[in-house]
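Report on the structure given below.
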Amino acid sequence: MVTKTYYKTKDYCKVKFSFVADNASSIEILGLNSDWMQPLVMNKKKDGTFSIDVNLPKDSKHEFKYRVNESEWLNDPEADAEAPNVYGGTNSVITL
């Protein structure tokens with residue numbers, strides 16, 4: 001799930017990413033701000049969901065994927081859209 005919080009006086013949007021995956025011991029987000037090399041590690045909550053808050057520029061679009069247990073790549077089913085990637089699959093897209 002992706003939750004967006006806009007601020008009138010700021011040039012960024014606070015985005016909360018929440019995701020659940022069966023048997024996940026770690027979940028990371030890759031691709032935000034076109035950075036596929038530096039993963040953002042999500043925090044695991046007591047209920048088993050993983051989440052992280054990220055500030056992203058307003059009026060921007062970002063492709064991203066979740067990497068579960070450092071090996072499985074998943075899209076967010078609640079993202080704004082999907083875009084084809086160079087590997088023949090798709091990436092999740094968030095538009096701010």
Side-chain angles (χ1 to χ4, degrees):
M1 177 170 58
V2 177
T3 306
K4 304 170 191 174
T5 304
Y6 291 92
Y7 301 100
K8 290 181 181 180
T9 59
K10 306 286 183 186
D11 61 352
Y12 63 85
C13 176
K14 180 176 147 185
V15 183
K16 180 175 186 166
F17 294 89
S18 299
F19 197 70
V20 178
D22 293 335
N23 301 316
S25 60
S26 68
I27 299 180
E28 304 162 310
I29 300 177
L30 287 100
L32 296 177
N33 289 319
S34 298
D35 187 351
W36 293 94
M37 302 306 289
Q38 301 293 322
L40 299 175
V41 179
M42 299 177 75
N43 301 311
K44 187 172 186 178
K45 295 184 174 184
K46 292 180 182 179
D47 65 1
T49 62
F50 288 78
S51 69
I52 190 169
D53 292 337
V54 180
N55 292 332
L56 296 171
K58 285 183 180 177
D59 302 317
S60 62
K61 184 185 283 191
H62 304 269
E63 292 187 23
F64 69 97
K65 284 187 95 68
Y66 296 111
R67 185 167 62 184
V68 179
N69 298 333
E70 299 182 9
S71 62
E72 184 180 6
W73 294 83
L74 299 174
N75 283 343
D76 191 324
E78 297 182 24
D80 296 330
E82 287 189 355
N85 63 31
V86 297
Y87 302 105
T90 59
N91 296 331
S92 298
V93 176
I94 180 172
T95 304
L96 304 172

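Source: prediction; values computed, not measured.
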Pairwise side-chain contact, K61 with V93, heavy-atom cut-off 4.5 Å (strictly under): yes
Summary of side-chain hydrogen bond (donor to acceptor under 3.5 Å, both in side chains) pairs that have at least one residue in residues 1-16, sequence neighbours excluded: K4-D80
Kindly compute the distance separating CD (E63) from OG (S92), expressed to the nearest 0.5 Å. 9.5 Å
Mind checking side-chain hydrogen bond (donor to acceptor under 3.5 Å, both in side chains) for D76 and listing every partner two or more places apart, or none if nothing turns up? Y66
Residues in side-chain hydrogen bond (donor to acceptor under 3.5 Å, both in side chains) with T95, at least two apart? none
Distance-only donor-acceptor hits, side chain of residues 18-30, under 3.5 Å, sequence neighbours excluded:
| unit_1 | atom_1 | unit_2 | atom_2 | d |
| --- | --- | --- | --- | --- |
| S25 | OG | N69 | OD1 | 2.9 |
| E28 | OE1 | R67 | NE | 2.8 |
| E28 | OE1 | R67 | NH2 | 2.9 |

For a quick test of reading the model, state the closest non-hydrogen atom pair linking C13 to K58 and the distance between them. N-CG, 4.2 Å
Residues at least two apart in sequence or cross-chain that pass ring-ring contact (aromatic ring centres under 6.0 Å, His included) with F17, listed by chain then number, are F64
Under 3.5 Å, side chain of N75 to main-chain N/O of T90, donor-acceptor pair present? yes
Output side-chain donor-acceptor pairs under 3.5 Å for residues 34-43, partner residues at least two apart or in another chain, one line each.
| unit_1 | atom_1 | unit_2 | atom_2 | d |
| --- | --- | --- | --- | --- |
| D35 | OD1 | M37 | N | 3.0 |
| D35 | OD1 | Q38 | N | 3.0 |

